[in-house]
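Report on the following structure.
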Amino acid sequence: MSSNETPRGPVDSSRVPRYAGPATFARLPRLDEVGTTDVAVVGVPFDSGVSYRPGARFGGNAIREASRLLRPYNPAQDASPFALAQVADAGDIAANPFNINEAVETVEAAADELLGTGARLMTLGGDHTIALPLLRSVAKKHGPVALLHFDAHLDTWDTYFGAEYTHGTPFRRAVEEGILDTEALSHVGIRGPLYGKQDLTDDEKMGFGIVTSADVYRRGADEVADQLRQRIGNRPLYISIDIDCLDPAHAPGTGTPEAGGMTSRELLEILRGLSSCNLVSADVVEVAPAYDHAEITAVAASHTAYELTTIMSRQIAEARSK
Ligand SMILES: N=C(N)NCCCC(=O)O
Ligand SMILES: [Zn+2]
Ligand SMILES: [Zn+2]
């Protein structure tokens with residue numbers, strides 16, 4: 001969208017019932033209906049990198065279905081994200097389920113193409129493997145980026161069954177490849193059993209700071225967001241959200257659930273506290289609808305993507321008004 005065009009927004013749910021018609025994210029237009037977009041919401045139906053329960057390949061469409069109930073004004077950030085900038089649903093990236101290396105290349109190439117049009121990406125996963133090719137693509141454009149990673153798990157392990165590209169290893173690969181700004185790396189929501197204490201030492205050596213799930217509970221969302229914001233400054237920021245950062249009570253539909261997690265309220269509040277950060281792209285991954293109940297997880301994920309999209313749209317509008 002050029003700066004003087006009005007963005008095309010979602011289908012009006014006071015005229016067309018929100019449960020009617022095929023689902024796009026937030027009932028927004030498809031990318032082919034608008035030509036170009038400022039924020040591309042893109043699905044990656046890929047889950048061949050998982051270590052436990054499969055099913056996140058269906059996550060993107062579950063989030064789209066649950067997002068029918070989102071409304072156009074976001075009071076928590078005082079913004080109408082779909083009026084401030086064009087947001088459109090770019091459909092799915094067709095990644096090979098039988099060849100992880102090829103899938104990783106496909107995701108990177110598709111992300112290159114979308115980012116090349118000037119769009120920011122709001123990716124709906126898929127398992128966490130896909131964060132690596134997305135980060136590669138974002139780093140080609142912005143250089144090494146700050147990373148804020150919400151997850152129960154570190155995802156900085158080395159290999160599984162000798163495989164380098166899995167959902168437990170994307171951030172170790174990213175550090176090895178030099179595509180992250182090691183001055184500004186944080187995990188939020190970490191908890192649960194590890195393979196050994198070495199996991200933590202290795203992670204720290206890579207440059208990560210950890211805010212555990214219990215830290216969020218004890219210190220509160222505002223203080224955590226303040227601390228994260230200070231660490232990130234105005235660096236280009238990528239946010240990767242594994243929905244298992246939430247407690248299984250708030251997100252049962254996921255492949256590797258861990259007890260003792262954050263509430264969806266805490267996650268959304270931390271994100272709102274980061275609204276001034278320079279968010280260049282983001283993902284929400286690991287939604288596995290087969291284990292979900294009454295769309296609990298998909299609703300939480302759709303609201304999470306809504307807050308992230310709002311941050312991006314506000315920044316795009318602010319940059320244009322300067
Ligand atoms: N990224 C997610 N969701 N999980 C990683 C868990 C890896 C493991 O099974 O040790
Ligand atoms: Zn996880
Ligand atoms: Zn993860």
Side-chain angles (χ1 to χ4, degrees), residues 44-60 62-63 100 103-104 107 123-135 147-175 180 185-200 202-203 206 208 210-214 216 238-264 266-267 270 282-292 297-298 300-301 304-305 308:
V44 185
F46 172 84
D47 65 6
S48 307
V50 301
S51 57
Y52 196 48
R53 298 168 174 172
R57 65 180 62 180
F58 300 110
I63 298 169
I100 300 186
V104 163
V107 174
T123 308
L124 310 176
D127 78 51
H128 225 151
T129 310
I130 65 169
L132 176 65
L134 294 167
L135 282 165
L147 172 69
L148 191 47
H149 168 222
F150 291 84
D151 206 317
H153 309 99
L154 300 166
D155 290 357
T156 51
W157 286 292
D158 191 4
T159 56
Y160 286 82
F161 293 80
E164 285 186 310
Y165 299 151
T166 77
H167 79 153
T169 56
F171 303 118
R172 181 183 288 239
R173 294 291 92 77
V175 170
L180 300 182
L185 306 180
S186 304
H187 306 290
V188 184
I190 298 298
R191 63 192 186 277
L194 300 172
Y195 296 94
K197 200 164 183 161
Q198 189 70 29
D199 294 350
L200 293 170
D202 288 353
D203 189 80
M206 287 175 232
F208 282 92
I210 294 181
V211 179
T212 66
S213 167
V216 174
Y238 186 93
I239 299 185
S240 183
I241 301 190
D242 184 327
I243 206 65
D244 74 26
C245 68
L246 299 182
D247 190 85
H250 293 258
T254 196
T256 48
E258 310 281 349
M262 292 158 59
T263 65
S264 47
E266 286 169 329
L267 171 62
I270 294 174
D283 65 59
V284 179
V285 297
E286 298 283 347
V287 173
Y291 318 100
D292 208 2
T297 313
T304 301
L308 292 166

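Index from 1, following the sequence. All ligand and atom numbering here is 1-based and tracks the order in the structure. Values below: every heavy atom of this structure, side chains too, minus hydrogens, waters and symmetry copies.
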**Report entry** Closest to atom 10 (O) of ligand 1 among Trp157, Tyr195, Phe171, Tyr52 (heavy-atom distance)
**Finding:**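 Result: the heavy atom closest to atom 10 (O) of ligand 1 is in Tyr195.
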Which ligand 1 atoms, with their elements, are less than 4.0 angstrom from a heavy-atom of [X]?
X: Glu286; result: 1 (N), 2 (C), 3 (N)
X: Asp155; result: 1 (N), 2 (C), 4 (N), 5 (C)
X: Ser51; result: 6 (C), 7 (C), 8 (C), 9 (O)
X: Thr256; result: 2 (C), 3 (N), 4 (N)

Query raised in the report: To the nearest 0.1 Å, how far is atom 7 (C) of ligand 1 from its closest protein heavy atom, and which atom is that?
Result: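 The answer is Tyr160 OH, 3.1 Å.
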Report summary line: Of Thr156, Leu132, Leu185, Leu154, the one forming a side-chain contact (heavy atoms from CB on, under 4.5 Å) with Phe171 is Thr156
Check [X] against ligand 1 and report side chain, backbone, both or neither, counting heavy atoms closer than 4.0 Å.
X: Asp244; value: side chain
X: His153; value: side chain
X: Asp242; value: side chain

**Report entry** Under 2.8 Å: N/O/S of Asp244 next to the Zn ion (ligand 2)
**Finding:** yes
Report task. Answer yes or no as to whether an N/O/S atom of Glu286 is found below 2.8 Å from the Zn ion (ligand 2). Result -> no
Report summary line: Vertex the Zn ion (ligand 2), ends Asp242/OD2 and His153/ND1: angle to nearest 10° comes to 160°
May I ask you to decide if [Y]'s main-chain N or O and [X]'s side chain share a donor-acceptor pair within less than 3.5 Å?
X: Ser213; Y: Gly260; value: yes
X: Arg57; Y: Gly126; value: no
X: Thr297; Y: Val287; value: no

Report task. For residues Asp247 and Gly261, report the shortest heavy-atom separation together with the two atoms involved. Result -> OD1-N, 2.8 Å
Query raised in the report: Does Asp151 put an N, O or S atom under 2.8 Å from the Zn ion (ligand 3)?
Result: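 Looking at Asp151, which is the residue asked about, there is an N, O or S atom under 2.8 Å from the Zn ion (ligand 3).
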**Report entry** Partner of Asp244 under side-chain hydrogen bond (donor to acceptor under 3.5 Å, both in side chains), chosen from His153, His128, Arg191
**Finding:**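 When His153, His128, Arg191 are each tested with Asp244, the side-chain hydrogen bond (donor to acceptor under 3.5 Å, both in side chains) holds only for His153.
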Report task. Just give me the atom name: the N, O or S atom of His128 closest to the Zn ion (ligand 3). Result -> ND1
**Report entry** Atom name of the N, O or S atom in Asp155 that lies nearest to the Zn ion (ligand 3)
**Finding:** OD2
**Report entry** Ile243 CD1 to Thr304 OG1 distance, which is reported to the nearest 0.5 Å
**Finding:**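 Output value for this atom pair is 4.5 Å.
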Requested in this report: Please determine, by modelled atom types, if Asp47 and His167 share a side-chain donor-acceptor pair under 3.5 angstrom.
Outcome: no
Query - Worked verdict on Asp203 versus His187 for side chain to side chain donor-acceptor pair (under 3.5 Å) - result: CA-CA 10 Å; Asp203 189 80; His187 306 290; 2.8 Å; yes
Requested in this report: Tell me whether the guanidinium CZ or amine NZ of Arg173 lies under 6.0 angstrom from the six-membered ring centre of Tyr165 and within 45° of its axis.
Outcome: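 Not flagged: Arg173 not positioned over aromatic ring of Tyr165.
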